[in-house]
Amino acid sequence: MKKTTLALAAALLPLLSQAQDARIEAKIAALMKQMTVAEKVGQLHQLSGRQFTGPASSDYADKLADIRNGKVGSMLNVKGVADTREIQALALKSRLHIPLLFSLDVIHGYQTVFPVPLGESASWDMDAIALSARIAAREAAASGIHWTFAPMVDIARDPRWGRVMEGAGEDTFLGSAIARARVEGFQGKQLGATDSVMATAKHFAAYGAATAGRDYNAVDMSNQQLFEVYLPPFKAALDAGAATFMNSFNTLNGIPATGNAFLQRDILKGSWNFKGFVVSDWGSVREMVPHGYASDLADAAVKAINAGSDMDMEGYAYSQHLEDAVKSGKVKMKTLDDAVHRILVKKFELGLFDDPYRYSDAAREKAVLSDPSHRAAALDVAQKSIVLLKNERKTLPLSREPQRIAVIGPLADSQRDLEGGWVVQGERAKVVSILEGIRSHAGKAEVSYAQACASGCAGSEGFADAVATAAKADIVVLAVGETWDLSGEAKSRTDITLPGQQEKLFSALQATGKPVVVVMLAGRPLVFNTIADQADAIVYAWFPGTEGGNAVANVLFGDYNPSGKLPITFPRSVGQIPLSYAQYNTGRPVTDEKNVVYKSAYIDSVNTPRYAFGHGLSYTDFKYSGLALSSAAMSPDQKVTLSFDLANTGKAEGTEIVQLYLRDMVSSVVRPLKELKGFQKIHLKPGEQRRVSFTIDRNLLSFYNSQLAWGAEAGDFKLMVGSASDDIRLEGELKLQSK
Ligand code: NOJ
């Protein structure tokens, strides 16, 4: 009986959604019939309204009048129930009473701040990542927000680029999984639920490959790279249902992404059949003028909409010129209608025509923002994100027995730096600093503190005091890194070493002879060769969010056994950048580091990174053994199971992220030495062993050939399983037969 009801419901669901689509379509058709061209253009105009409410609002009288007159379709940067209600009420006074969409950069939390996205990605934990997005959505949606400008799914292999912080790192396979998890987290089961927000897959496309890591810079890349490395996370976001896409500031092979019909019309809305809408990035329509692609703002408007950019964020190109462009025939009414239609569909799906205030409910805002489970989740995600880079002689975990721990460093007692770059509503006073976390977890150990130098560590006046504090202690915990404002948008750096005198501070402390544990905060991979060579232990904590201090302390004292793995390569120097594990062998590979003459090498550095993609230690040891393949060969329509044993051979309970890589040995287009094709998080008690398996199918062996056709070529594949891209423990071989 129950089974039949379920089956019936499952069969009815698509019919119900078709009926809903038809109802929405009928309403949109009726509405669009009444709309003037100016009102249609209004739907495509997005304004930032940070100060539209409150004391300065009279300065924005003309913009408020535009909202009242139906000339604005969406706002960014208006948040909170009171403000969104006030502005929505104004929009509802317009002739056709079309509600506004409220959007915001809810990137790693709304009020509860989660680790920055790159940090979260180090958890390789799709449930945790989805939960963090879910909670961010829940809080934002209770505060009047309908739409977040996240996730950023740009693959990024250049840590000079400050925005590596906002993405999932360098890898396409991992990045695609994370893109899916984030979209599902933000959007929940269904758009229109009042605990969900629309997601935005951004920045379409290839923004992460900005030349020389300089933000907003041009991108030149082959279509193969584009299709193989940079586009798949966008496709994954789309398949997960991403309601919107944002285009990007960069040019791609000479054409600005915002005016790029190949990207937006041919790929996104064409072969991918994307039904949502595309918002420009901030002013990116207008920026086509300085790019040298549009002669003036009017030309930019025409080029952007014809290329598939539906909404103009703070560019004023559409609001000032689109009406004329439609009248003169430069933009077809059909093109305008399609953009308007896409936006109205989302407003209907969100339920805004039924109740324009449904996301702006004061009681829900109060209850949701004070939900204690959100902080618990922030702690969980933060500790899963932390990567133990080094741990000599088992320096960590720290003991809570009587001993003296000196906590030192410019970032030790900081709250702001733990939050990272995109904080929209964070409650700074409630952020747990590293010092506070250590103090509250220290048990019988005694904790002393010296700041040593102020934020940025320009001066060394406090070093003597810090050294004296260290000299009196049994062990030193040094908190250094980048401050929050050194990574993110427009924060490209040519020098990614530790800012100021922080490595000197390390050396001064180390000279005391005390063991030094370094806790590092950052939004990107940093270069810190002295510390990497000499520190006793290194804990990379990224910008870990509201619960950061507790997460760090849990790791330091062993209450949480670290399990994070790097989602991006850490170079030894800026000179090695861009550096990825997925590199090519070349015709002259280095086989012996001592003899690199006429090899693909540097004469002043090894090729290998400081810390490789996938690296991350644990307080326990894992043994890999017994690799087996269900068959040594497969035809294109067969599948092969690769399996092996993973054992926890150490003394602590722990989680290992096992990684599957492969190499296609000979192919019509040369393939990287290693490509990640699978991973699993396995939790084992001491002494426990488990058989782990991966399924290999044709899809996993496929790539884009020189004709951009996706497929697998017959031949030999090397399969590698390991604990990091440079720590392969088991290897196997597989033959793909032609038929
Ligand atoms: C510019 C950034 O590139 C984009 O990611 C962000 O969503 C918008 N500004 C809006 O703040």
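Indexing begins at 1, ligand by ligand and atom by atom, following the structure's order.
Atoms CH2 and CG, on Trp272 and Leu231 in that order, are 4.5 Å from each other to the nearest 0.5 Å. Annotation: the span from Glu120 atom CD to Ser385 atom OG amounts to 6.0 Å, rounded to 0.5 Å.
With sequence neighbours excluded, the residues satisfying ring-ring contact (aromatic ring centres under 6.0 Å, His included) with Tyr540 are Trp542, Phe570. Applying the ring-ring contact (aromatic ring centres under 6.0 Å, His included) criterion to His203, with sequence neighbours excluded, gives Tyr207. Applying the ring-ring contact (aromatic ring centres under 6.0 Å, His included) criterion to Trp124, with sequence neighbours excluded, gives Phe613, Phe679.
A distance limit of 4.0 angstrom between heavy atoms and ligand 1 selects the residues Leu76, Asp105, Phe149, Arg163, Lys202, His203, Met246, Phe249, Asp281, Trp282, Met313, Glu489.
Ring-centre distance between Tyr318 and His45: not below the 6.0 Å cut-off.
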